[in-house]
Amino acid sequence: MLVRDDPAHVAATEEFVAQGVWVPLLALAETVWVLDAVYQRKPAQIALAIEMLLNHQLLVVERSDIAAAALAHYRQRTRPGFSDCLMLEVARAAGHTPFGTFDKPLARLDGTRLLKS
């Protein structure tokens with residue numbers, strides 16, 4: 001639906017989405033991975049795609065508040081990646097911070113703790 005590279009897939013997706021659909025956070029993370037790894041989209045393009053999904057009138061994104069908070073972190077810097085930002089925001093929403101990580105860019109965000117080996 002986002003890259004519109006296969007007319008048959010676009011038609012099938014649009015027909016399905018027209019009924020209104022729920023998008024789990026895991027599917028959102030997978031979408032971002034595909035946009036990056038397969039379609040080699042730039043971070044600004046990926047951020048716009050996430051925003052479009054969050055604002056789509058026929059899509060209900062699971063915990064859109066969490067996805068929006070992760071998007072805000074991702075937009076500020078391209079490292080950490082969106083999935084890292086999403087994990088942090090899921091942990092924060094569940095009341096499980098600090099979020100431990102070995103990832104130095106992620107550890108720069110509030111609510112994390114850099115682990116050392």
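These figures come from a predicted structure and were not determined experimentally.
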Please list every donor-acceptor pair under 3.5 Å in which a side-chain atom of residues 12-23 meets a protein atom from a residue at least two apart or in another chain.
{"from": "Thr13", "atom 1": "OG1", "to": "His9", "atom 2": "O", "distance (Å)": "2.7"}
{"from": "Glu14", "atom 1": "OE2", "to": "Arg4", "atom 2": "NH1", "distance (Å)": "3.0"}
{"from": "Glu14", "atom 1": "OE2", "to": "Arg4", "atom 2": "NH2", "distance (Å)": "2.6"}

> Please, which pairs that meet salt bridge (charged side-chain N to carboxylate O under 4.0 Å, His left out) have at least one residue in residues 105-117, sequence neighbours excluded?
Replying inline: none
>> Suppose the criterion is salt bridge (charged side-chain N to carboxylate O under 4.0 Å, His left out): which pairs have a residue in residues 16-33, not counting sequence neighbours?
In response: none
>> Just so I know, are the side chains of Asp103 and Thr112 near enough to count as touching, which here means a heavy-atom distance under 4.5 Å?
In response: no
Are [X] and [Y] connected, step by step, through hydrophobic side chains (Ile, Leu, Val, Met, Phe, Trp, Tyr) whose heavy atoms are closer than 4.5 Å?
X: Leu26; Y: Val32; value: no
X: Tyr74; Y: Leu48; value: no
X: Leu106; Y: Trp33; value: no

Less than 3.5 Å apart, which donor and acceptor atoms pair up between the side chains of residues 54-72 and the rest of the protein, not counting sequence neighbours?
{"from": "Asn55", "atom 1": "ND2", "to": "Glu51", "atom 2": "O", "distance (Å)": "3.2"}
{"from": "His56", "atom 1": "ND1", "to": "Leu58", "atom 2": "N", "distance (Å)": "3.0"}
{"from": "Glu62", "atom 1": "OE1", "to": "Leu25", "atom 2": "N", "distance (Å)": "2.8"}
{"from": "Arg63", "atom 1": "NE", "to": "Asp65", "atom 2": "OD1", "distance (Å)": "3.2"}
{"from": "Arg63", "atom 1": "NH2", "to": "Asp65", "atom 2": "OD2", "distance (Å)": "3.0"}

Review item, side-chain donor-acceptor pairs of residues 34-45, under 3.5 Å, at least two apart:
{"from": "Tyr39", "atom 1": "OH", "to": "Asp5", "atom 2": "OD2", "distance (Å)": "2.6"}
{"from": "Arg41", "atom 1": "NH1", "to": "Tyr39", "atom 2": "O", "distance (Å)": "3.1"}
{"from": "Gln45", "atom 1": "OE1", "to": "Lys42", "atom 2": "N", "distance (Å)": "2.8"}

Between side-chain atoms of residues 80-91 and protein atoms elsewhere (two or more places apart, or another chain), which donor-acceptor pairs fall under 3.5 Å?
{"from": "Glu89", "atom 1": "OE1", "to": "Arg92", "atom 2": "NE", "distance (Å)": "3.2"}
{"from": "Glu89", "atom 1": "OE2", "to": "His73", "atom 2": "NE2", "distance (Å)": "2.7"}
{"from": "Glu89", "atom 1": "OE2", "to": "Arg92", "atom 2": "NE", "distance (Å)": "3.3"}
{"from": "Glu89", "atom 1": "OE2", "to": "Arg92", "atom 2": "NH2", "distance (Å)": "3.2"}

